[in-house]
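See below for the structure under consideration.
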Amino acid sequence: MAPSGHHAVTIYTIAPNTLKEGAWSERREELADKLVECAERYIPGLRAHTKVRVILTPEDFRSRVHQRRHAFGGIAPVMGQTNPSHRTPIENLWFIGSQSESGGGVMAVMKGARKVANMLVGCR
Ligand SMILES: Cc1cc2nc3c(=O)[nH]c(=O)nc-3n(C[C@H](O)[C@H](O)[C@H](O)COP(=O)(O)OP(=O)(O)OC[C@H]3O[C@@H](n4cnc5c(N)ncnc54)[C@H](O)[C@@H]3O)c2cc1C
């Protein structure tokens, strides 16, 4: 991603869907500054050497991936909630990935994909 002689750094944390005070759109810079401040303990001079800064808040993630709640980790885990099944009402159309019943995170997504692959083989 970064041009020659530069580096790309991703700094992220778990964050709430909505803030107790204010909105993500108003407080994005302030909260990004806090993250950079924490990162500077490990990467001294990070702020001074930053050429381009891209801030993605939970709101931004939601608008990019068309989710109503939650952000990068997949479907929000809610007790008692049934997540969308791999098997859809449409024949031969399967639903996998972090928004499906297997949930978010690479391991869960892979597990769901494997399960569907096995179901497909079983279907033949
Ligand atoms: C910053 C960050 C850190 C993370 N850290 C971890 C971690 O440490 N461990 C972990 O387990 N999980 C982590 N995750 C979560 C994990 O990355 C996701 O849960 C997982 O990648 C979801 O897999 P997926 O296949 O559902 O979706 P994705 O990996 O998002 O894949 C969807 C793909 O579809 C493509 N696509 C979208 N629309 C279209 C279209 N119209 N046509 C064609 N292609 C399209 C996208 O470009 C993308 O390549 C992290 C996520 C983020 C954002």
Side-chain angles (χ1 to χ4, degrees):
M1 276 198 307
S4 175
H6 298 265
H7 300 276
V9 178
T10 305
I11 307 164
Y12 71 97
T13 187
I14 306 293
N17 275 337
T18 49
L19 296 170
K20 228 176 192 174
E21 285 166 29
W24 279 114
S25 53
E26 298 156 3
R27 300 188 58 198
R28 50 193 293 123
E29 295 286 339
E30 172 199 340
L31 294 160
D33 283 343
K34 273 193 188 161
L35 268 185
V36 172
E37 201 180 302
C38 291
E40 280 206 307
R41 286 186 220 146
Y42 306 94
I43 315 171
L46 177 65
R47 185 192 306 270
H49 289 93
T50 300
K51 303 271 185 217
V52 177
R53 181 161 101 159
V54 178
I55 304 170
L56 281 178
T57 68
E59 249 171 33
D60 300 316
F61 264 108
R62 282 198 293 276
S63 69
R64 282 181 180 209
V65 295
H66 308 290
Q67 281 176 246
R68 275 180 297 165
R69 286 183 287 272
H70 208 49
F72 71 79
I75 201 158
V78 177
M79 269 173 69
Q81 172 181 274
T82 314
N83 297 333
S85 167
H86 295 310
R87 194 184 286 276
T88 74
I90 301 167
E91 198 183 348
N92 294 327
L93 179 68
W94 300 83
F95 181 50
I96 57 169
S98 62
Q99 299 301 309
S100 72
E101 64 175 80
S102 54
V106 175
M107 287 301 285
V109 167
M110 294 308 290
K111 227 170 115 184
R114 188 169 191 269
K115 186 177 165 188
V116 169
N118 285 333
M119 284 158 92
L120 285 170
V121 172
C123 284
R124 279 192 192 142

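Count residues from 1 along the sequence. Counting starts at 1 for both ligands and their atoms, following the listed order.
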Next item on the list: Let me see the working for E59 and R28 under side-chain contact (heavy atoms from CB on, under 4.5 Å), right down to the final yes or no.
Entry: CA-CA 10 Å; E59 249 171 33; R28 50 193 293 123; 6.0 Å; no

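For atom 32 (C) of ligand 1, the nearest protein heavy atom lies 4.0 Å away or farther. In this structure, atom 11 (O) of ligand 1 has protein heavy atoms in its sub-4.0 angstrom surroundings.
Using a 4.0 Å cut-off to heavy atoms of S98, the atoms of ligand 1 that qualify are 19 (O), 22 (C), 26 (O). Set against the non-hydrogen atoms of G97, the atoms of ligand 1 under 4.0 Å away are 26 (O). Of all atoms in ligand 1, listed by their number and element, those nearer than 4.0 Å to a heavy atom of G105 are 10 (C), 11 (O), 12 (N), 19 (O). Close contacts of ligand 1 with V109, meaning ligand atoms under 4.0 Å from a residue heavy atom, involve 22 (C), 23 (O), 25 (O).
Qualifying side chain to side chain contact (heavy atoms under 4.5 Å, CB included) partners for R64, counting only residues two or more places apart in sequence or in other chains: L56. Under the side chain to side chain contact (heavy atoms under 4.5 Å, CB included) criterion, K115 pairs with H86, E101, M119, sequence neighbours left out.
In terms of polar-atom proximity, Y12 is counted as a contact of ligand 1, with an N or O under 3.5 Å from an N or O of the ligand.
At a threshold of 4.5 Å between non-hydrogen side-chain atoms, the residues W24 and L19 count as touching.
Residue-level proximity to ligand 1 for V106 is carried by backbone and side chain together, each with a heavy atom below 4.0 angstrom.
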